[in-house]
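Notes to accompany the following structure.
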Amino acid sequence: ARWLDVLDYASQALSADPTQTAAAALVGTARRHLGTLDKARAELRQITVMAVDMQRSTAIAAQVGPESMRTLMLEVYEVCVDAVARYEGGVTKYLGDGILALFGHPVAHEDDPRRAVLAALEVIQGVGDRAAAWEARFGIPVAVRIGVDSGVVAVGPVDASPWSTEEIAGDPPNIASRVQATAEWMTVRVTDSTNGLIQGWFETVPVGPVELRNYPQPVAVHRVLGPTEAETRLEARGGTRPPLLGRDAELEALRTAWSRVEAGERQVIGIVGEPGIGKSRLAEHLISTAIASGAVGVTFACSRLHRDSSL
């Protein structure tokens, strides 16, 4: 009970004045005595990591000087941060000549690997768009290369300090950085684990197993060529669709509605339900039925990735 009181009073004091180092020390001491800093505080998360590196950064710094180099790096950072933020990821580290960005923590999305690769392609595009202006200002060509990996990591604070940041323990950050080092300039490479999660959304070509520095075995790597024309998960999934099971009533309602359309009536159908129960599959079946009878299908799909885009 005594250490609980200490933690309570010290936390209140720290909230009132964050500069009180004595209160911060007491918070850390109390937490250690209460056993609040242990492996149980870490959580396992599925994440995707994007590592960006700038070409010849050391040589560029020697050529243009520290002030110009800082200006250039801030502008490169801006391109990276804008792309990462657009797809709701977060930059976890600035590495002097690049960044490390995380998708899947603290906010997770079902398509974090896709978001990471979209952000990577946008960084390549942004740097390419500014390259000529940078070369005119600084007298040197600017290029980047990017590596992406997905996997499970442990996320948690590194000490009992109330100011402690969360650190990531696991392979993806290291592998993404090392895969980036194998890529050609102005290209994106992804590991096999990421490639399996973005199939259908992007065109990729296998590079083959590559040796990564300080990694025990070769890693299968793919180069990203660009996005496909898929607009929905079903389009990205491709292949033969499984039959609809247990949806006789719903299918009959759709067939009836389409029959009325063929007879000249206007129909509007809303499909509502919990995620994952097959709403998109039903809509796809209706569209296929309509097209098979001579209709023209037009699909409008909403996405959080485009919520700031004009209609």
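Fair warning: this is a prediction, and the values are worked out from it, not measured in the lab. Nothing fancy with the numbering, it's 1 onward along the sequence.
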Closest heavy-atom pair and its distance - Trp134, Glu75 = NE1-OE1, 2.7 Å

Does the pair Arg45/Glu43 count as a salt bridge with the N-to-O cut at 4.0 Å?
-> yes

Look at the side-chain heavy atoms of Ile, Leu, Val, Met, Phe, Trp and Tyr, link any pair under 4.5 Å apart, and say whether Met50 and Met73 land in one connected group.
-> yes

Spell out, yes or no, whether Val91 and Val144 are grouped together once hydrophobic residues are joined by side-chain heavy atoms under 4.5 Å, including indirect joins.
-> yes

So, Thr204 and Arg223: side-chain donor and acceptor under 3.5 Å apart, yes or no?
-> no

From Leu254 CG over to Ser259 OG, what is the distance, rounded to the nearest 0.5 angstrom?
-> 10.5 Å

Audit row: Arg70, Glu67, salt bridge (Lys or Arg N to Asp or Glu O under 4.0 Å) steps and yes/no | CA-CA 5 Å; Arg70 180 177 183 275; Glu67 288 187 333; over 6 Å; no

Donor-acceptor pair between Asp149 and Ser193 side chains, under 3.5 angstrom | yes

If you look at every heavy atom in Glu211 and Pro218, which pair is closest and at what distance?
-> OE2-CG, 3.4 Å

Do Asn195 and Phe202 have side chains that get closer than 4.5 Å, going by heavy atoms?
-> no

Run the salt-bridge test on Arg130 and Glu78 with the 4.0 Å N-O cut-off and return the result as yes or no.
-> yes

Please report the closest heavy-atom contact between Gly104 and Asp112, naming both atoms and the distance.
-> CA-OD2, 3.2 Å

Under 3.5 Å, sequence neighbours excluded: what are the donor-acceptor pairs made by side chains of residues 117-129?
| from | atom 1 | to | atom 2 | distance (Å) |
| --- | --- | --- | --- | --- |
| Glu122 | OE1 | Arg86 | NH1 | 2.8 |
| Glu122 | OE1 | Tyr87 | OH | 3.2 |
| Gln125 | NE2 | Asp129 | OD1 | 2.8 |
| Gln125 | NE2 | Asp129 | OD2 | 3.3 |

Note: Ile60 and Gln55 closest approach over all heavy atoms is CD1-O, 3.3 Å

N/O donor-acceptor pair under 3.5 Å between Thr48 side chain and Ser150 backbone = no

Cluster overlap Val49 with Leu197, hydrophobic side-chain contacts below 4.5 Å | no

Residues passing the ring pair (Phe, Tyr, Trp, His ring centres under 6.0 Å) test with Tyr215, sequence neighbours excluded, are none

Is the shortest side-chain N to carboxylate O distance from Glu274 to Lys279 below 4.0 Å?
-> no

In this structure, NE2 of His285 is separated from CG of Leu282 (nearest 0.5 Å) by 8.0 Å

Specify the closest pair of heavy atoms between Gly200 and Thr228, including all atoms of both residues, with the distance to one decimal.
-> O-OG1, 2.6 Å

ILVMFWY cluster, Val76 and Val64 together (side-chain gap under 4.5 Å) = yes

Leu212 side chain reached by Thr182 side chain, heavy atoms, under 4.5 Å = yes

Electrostatic pair Glu284:Arg281 at N-O distance under 4.0 angstrom = yes

How far does OG of Ser68 sit from CZ of Arg137, to the nearest 0.5 angstrom?
-> 8.5 Å

Val261 and Arg266: side chain to side chain contact (heavy atoms under 4.5 Å, CB included), yes or no, with the steps?
-> CA-CA 6 Å; Val261 170; Arg266 295 177 180 177; over 6 Å; no

Test: Glu88 and Arg115 ion pair at under 4.0 Å = yes

Co-membership, hydrophobic cluster, residues Val188 and Val205, 4.5 Å side-chain | no

